[in-house]
S.K.: 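Mind having a look at this structure? Questions to follow.
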Amino acid sequence: MEQSRTSALLQGAVQDLASGVASALRGGGHASPSGDVLRDGTANGVVLAAVRVLGADLLLPCVLFRTAPSEPERDAVQEAVRAFPPRPDAAPTVAWSHWGMVRALRRADAGFTHTPLPSLDDLDSPASPGPPGPPVEPDTGWLRDDSWQTLTHRLALLSALAVPGEDGAVARGAQQRVVDLSRGFVRAVRRRDWRQAAGAGRWLALLRDVPETLGLDAGLDFVELMGGDDACVALQVRAARLMRTRVPA
């Protein structure tokens with residue numbers, strides 16, 4: 001009973017945070033209602049866990065619109081990075097999600113201070129004022145070796161890394177397999193897996209050479225409609241649309 005209640009609280013907190021981000025994306029990067037969820041501070045374990053689940057997307061409006069994150073948002077992401085480091089045997093999605101959170105913090109700071117991003121080799125340096133992070137990109141072999149079904153699943157989980165101007169290994173690997181990802185998007189829609197479809201669609205909105213026959217814009221409209229009240233789906237679709245209209249990186 002207690003585990004079920006905790007799970008329900010976590011899912012509710014994730015939805016609240018995602019709804020705030022989606023609202024900020026709709027509002028052109030203005031203050032996110034997510035800040036209201038974070039007012040209690042990161043001492044709230046459920047909220048902190050929800051920040052880790054949402055990952056770098058908590059700072060997505062800041063990255064896309066080059067605005068400063070609110071203090072509660074930045075502190076929450078930084079605390080989640082410190083509280084939930086990936087284990088050495090972590091799955092690629094876990095390791096890359098952690099890397100993406102560190103990268104988002106650095107990128108958000110650089111976006112409004114107009115200072116260059118530090119080298120990734122310096123992310124764990126004791127002299128670095130920011131949060132600790134992996135000094136190099138995590139394993140990338142799966143980007144080449146995964147079946148198109150597994151690739152789509154993993155990339156959908158890592159959709160927070162799909163942002164304009166990011167030249168990481170995941171973005172490069174996704175570009176090399178754009179046809180496979182397109183197949184995965186169609187499969188997710190047919191299986192009514194709206195979160196996976198939305199995450200895959202966000203990647204496809206970013207990538208080049210997406211088949212015209214895919215009908216991505218109509219597909220995103222359909223995913224949004226069928227996703228109903230799922231704020232995570234709304235966040236992904238809104239991000240995809242912004243990237244389709246060439247938001248500056």
Side-chain angles (χ1 to χ4, degrees), residues 14 18 52-57 60 63 86-87 89-101 103-104 134 136-228 230-247 249:
V14 170
R52 180 63 186 87
V53 171
L54 196 63
D57 272 343
L60 181 61
V63 172
R87 299 179 308 191
D89 61 345
T93 50
V94 174
W96 273 104
S97 178
H98 175 86
W99 181 92
M101 293 176 75
R103 183 67 169 176
V136 295
E137 292 180 333
D139 174 65
T140 59
W142 59 277
L143 288 159
R144 179 190 64 250
D145 299 334
D146 276 356
S147 67
W148 61 270
Q149 298 94 330
T150 303
L151 178 81
T152 302
H153 169 72
R154 284 179 166 168
L155 285 177
L157 292 175
L158 292 174
S159 57
L161 302 185
V163 291
E166 184 60 76
D167 188 33
V170 174
R172 293 192 298 271
Q175 183 62 66
Q176 292 298 314
R177 300 192 61 181
V178 66
V179 173
D180 284 340
L181 186 56
S182 299
R183 293 175 68 190
F185 174 76
V186 173
R187 177 176 181 265
V189 171
R190 288 176 174 171
R191 291 165 61 93
R192 306 177 69 84
D193 187 340
W194 308 122
R195 285 197 185 185
Q196 185 174 117
R202 174 171 164 182
W203 275 108
L204 291 167
L206 182 70
L207 301 176
R208 303 181 306 276
D209 304 321
V210 174
E212 289 292 335
T213 53
L214 183 64
L216 182 58
D217 289 324
L220 289 169
D221 289 344
F222 183 69
V223 169
E224 182 179 40
L225 175 65
M226 298 304 293
D230 190 334
C232 293
V233 172
L235 186 163
Q236 301 294 356
V237 172
R238 183 57 183 165
R241 288 204 182 106
L242 284 171
M243 290 189 288
R244 295 282 279 177
T245 56
R246 302 178 183 274
V247 172

S.K.: What do the steps show when you test Gln236 against Val223 for side-chain contact (heavy atoms from CB on, under 4.5 Å), and what is the final call?
M.R.: CA-CA 10 Å; Gln236 301 294 356; Val223 169; over 6 Å; no

S.K.: For Ala156 and Ala200, which heavy atoms make the closest approach, and how far apart are they?
M.R.: CB-N, 4.2 Å

S.K.: Quick one: OG on Ser147 to CG on Asp180, what's the gap to the nearest 0.5 Å?
M.R.: 8.5 Å

S.K.: Count the heavy atoms of every other residue, nucleotide or ligand shown that sit under 6.0 Å from CZ of Arg172, and state whether that count exceeds 12.
M.R.: yes

S.K.: Can you name the closest pair of heavy atoms from Ser182 and Pro211 and give their distance?
M.R.: OG-CD, 3.5 Å

S.K.: Do the side chains of Arg195 and Leu157 get nearer than 4.5 Å, heavy atoms only?
M.R.: no

S.K.: Are any of the side-chain heavy atoms of Arg52 and Val94 separated by less than 4.5 Å?
M.R.: yes

S.K.: If you define the side chain from C-beta out and look only at heavy atoms, does anything of Val186 sit under 4.5 Å from Arg190?
M.R.: yes

S.K.: Please step through side-chain contact (heavy atoms from CB on, under 4.5 Å) for the pair Leu216 and Arg244, ending with a clear verdict.
M.R.: CA-CA 10 Å; Leu216 182 58; Arg244 295 282 279 177; 3.9 Å; yes

S.K.: Got Leu60 and Arg238 here, is their nearest side-chain heavy-atom distance under 4.5 Å?
M.R.: no

S.K.: For residues Trp96 and Glu137, determine if any side-chain heavy atom of one lies less than 4.5 Å from a side-chain heavy atom of the other.
M.R.: yes

S.K.: What are the two closest heavy atoms between Val189 and Ala197, and how far apart are they?
M.R.: CG2-CB, 3.9 Å

S.K.: Just wondering, do Val170 and Trp203 contact through their side chains at under 4.5 Å, heavy atoms?
M.R.: yes

S.K.: What are the two closest heavy atoms between Arg177 and Leu143, and how far apart are they?
M.R.: CD-O, 3.0 Å

S.K.: At what distance, to the nearest 0.5 angstrom, does CH2 of Trp194 lie from CG of Asp230?
M.R.: 11.5 Å

S.K.: For the CE atom of Met226 and the CZ atom of Arg192, what is their distance to the nearest 0.5 Å?
M.R.: 4.0 Å

S.K.: Under 4.0 Å between a side-chain nitrogen and a carboxylate oxygen: does that hold for Arg241 and Asp221?
M.R.: yes

S.K.: Between Val237 and Ala198, what is the shortest heavy-atom contact and its length?
M.R.: CG2-CB, 4.3 Å

S.K.: With a 4.5 Å limit on heavy-atom distance, are the side chains of Gln196 and Arg191 in contact?
M.R.: no

S.K.: What heavy-atom pair brings Phe185 and Leu220 nearest, and what distance separates the two atoms?
M.R.: CZ-N, 4.4 Å

S.K.: Using 0.5 Å steps for rounding, measure from the CH2 atom of Trp148 to the CG atom of Leu155.
M.R.: 13.5 Å

S.K.: Let me confirm one number: the CG-OG1 distance from Asp145 to Thr150, rounded to the nearest 0.5 Å.
M.R.: 11.0 Å

S.K.: Rounded to the nearest 0.5 Å, what's the gap from NE2 on His98 to CZ on Arg87? Could you check?
M.R.: 14.0 Å

S.K.: I'd like to check Gln175 versus Asp209 (side-chain heavy atoms, cut-off strictly below 4.5 Å). Are they in contact?
M.R.: yes

S.K.: Do Arg202 and Leu235 pass the side-chain contact (heavy atoms from CB on, under 4.5 Å) test, and can you show the C-alpha distance, the side-chain angles, and the key distance before you say yes or no?
M.R.: CA-CA 10 Å; Arg202 174 171 164 182; Leu235 186 163; 3.9 Å; yes

